[in-house]
Protein chains: 2
Amino acid sequence: MPTATVKIAEDISLPSKVHQRTRSDHASELAEDYVEAIADAIAKKGVCRGVDLVHQFAVTHATVNNTIQRLQRDGLVRTEPYQPIELTAEGRRLASRSRQRHEIVESFLKFLGVSEQTAAIDSEGMEHHVSKETLQAMKRAMRQGRSSGSR
Amino acid sequence: MPTATVKIAEDISLPSKVHQRTRSDHASELAEDYVEAIADAIAKKGVCRGVDLVHQFAVTHATVNNTIQRLQRDGLVRTEPYQPIELTAEGRRLASRSRQRHEIVESFLKFLGVSEQTAAIDSEGMEHHVSKETLQAMKRAMRQGRSSGSR
DNA sequence: CGGCAAACTTAGAGTCGGCTAACTCAGGGG
DNA sequence: CCCCTGAGTTAGCCGACTCTAAGTTTGCCG
Ligand SMILES: [Mn+2]
Ligand SMILES: [Mn+2]
Ligand SMILES: [Mn+2]
Ligand SMILES: [Mn+2]
């Protein structure tokens, strides 16, 4: 049989894309959780201080400082020494998107019958890997599930 | 009212536990994907070579080497210079558990109505954050969904 | 059997996200 | 008003995971 080597490019690119996407999700994951936590603190207490994030994430003050510096470099937060941490417009947009997605994933898990605590824990990690398409599917399932009983 | 400061410990530990769990998931994530890929390569071609992982994960040979060294240090794989990569008994157990979990998450997404490609991409990241309890809930939903039509 | 290409290794580097230790700063009570 | 304490900062470290660049080894083909 003469040279039957065709369509290799796609076969190679598909599996690799999967992991490239996972790596890129991880790169933005911490940023998403931080801006969400900062927005929550501001909503609840008026301002967000570093110590709030120390408690929220169970890391040291030094780690929070490093992370906030990166977020500032990336244009998501604004802060000056000894001052509260503020979100930029872009930071607020990211926080809002992240919280919406997080809430959908968490309520979907509870809709599936998972306990409150497990839903809280699992959704915190899962949220960052859920695409728009999957998010839509979760919302659809909840809509249909609610309207048509359990049978 | 006299000294009403009780149950602070739990209130502080609950949100922080959530993120500790996410961090620990990430620590084992790459190992899980690697042993799964190695088991797949062995199943399909008899042996797994570094170059198979280079293609699978779209990273360089140097990166695969580093990662395999860590996995070997952790007792999941066995390898010698210029030889194929083998799994230890522990590595095979982890690969098997990981693949089962991965398959459930992926088929659950398809069950939800998500496209093949999105299911493949999203499940690759989500799988590592899905607890036993959520996995059970996914299996239950698929069982019930299959038996009771779409209405 | 000699050489070449593909596979593999090694060295050196960088970013990220975590830590400890040792500071400095700010603000309220005595 | 001074100082104590909690909050914040800084320096220095480390491991994970990625890369580039420059080698080495293997195996096959002519
Ligand atoms: Mn979140
Ligand atoms: Mn999260
Ligand atoms: Mn997997
Ligand atoms: Mn995965």
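Protein chains get the first letters and strands the later ones, always in sequence-line order, with residue 1 at the start of each.
When the P atom of C/dC16 is taken as reference, atom OH of A/Tyr34 falls 14 Å away, rounded to whole Å. In this structure, B/His61 places its NE2 atom 19 Å from P of D/dA22, rounding to the nearest Å. Remark: P of D/dC19 and CD of A/Gln20 are 10 Å apart, rounded to the nearest angstrom. A/His26 has its NE2 atom 16 Å from the P atom of D/dA16, to the nearest Å. Between A/Phe57 atom CZ and C/dC19 atom C1' the separation is 17 Å, expressed in whole Å. Rounded to an integer number of Å, the gap from B/Gln83 CD to D/dT24 P is 19 Å. Atom CG in B/Asp52 sits about 16 Å away from atom P in C/dA6, given to the nearest Å. Between A/Arg70 atom CZ and C/dG14 atom P there is a gap of 18 Å when expressed in whole angstrom units.
Heavy atoms from other residues, nucleotides or ligands lying under 6.0 Å from CD of A/Gln69 number more than 12.
Between the side chain of B/Asn66 and the base of D/dT18 there is at least one donor-acceptor pair of N/O atoms closer than 3.5 Å.
Using a 4.0 Å heavy-atom criterion, one finds that A/Arg23 contacts the sugar-phosphate atoms exclusively.
The nucleotide whose nearest atom lies closest to any side-chain atom of B/Thr60 is, among D/dC19, C/dA21, D/dC17, D/dC19. For B/Arg49, counting side-chain heavy atoms from C-beta on, the closest listed nucleotide (C/dA7, C/dG17, C/dA26) is C/dA7.
With salt bridges taken as basic N to acidic carboxylate O contacts below 4.0 Å, one links A/Glu86 and A/Arg78.
Between B/Asn65 and C/dC8 there is no side-chain N or O to OP1 or OP2 distance below 4.0 Å. Phosphate proximity of C/dG17 to A/Thr63: absent, as no side-chain N or O sits under 4.0 Å from OP1 or OP2.
For the pair A/Met126 and A/Thr134, the minimum side-chain heavy-atom distance is 4.5 Å or more.
When each of A/Ala58 and B/Pro81 is assigned the nucleotide of DNA chain C bearing its nearest heavy atom, the one mapping closer to the 5' terminus is B/Pro81. Residues B/Val51 and A/Tyr82 each lie close to DNA chain C; by heavy-atom proximity, the contact nearer the 5' end of the strand is made by B/Val51. Position along DNA chain D of the nearest nucleotide to A/Ala62 versus B/Leu30 favours A/Ala62 as the more 5'-ward residue.
Between B/Phe57 and B/Tyr34, the ring-plane angle classifies as parallel under the 30° and 60° cut-offs.
In this structure a side-chain-to-backbone donor-acceptor pair under 3.5 Å is missing from A/Arg92 to A/Ala39.
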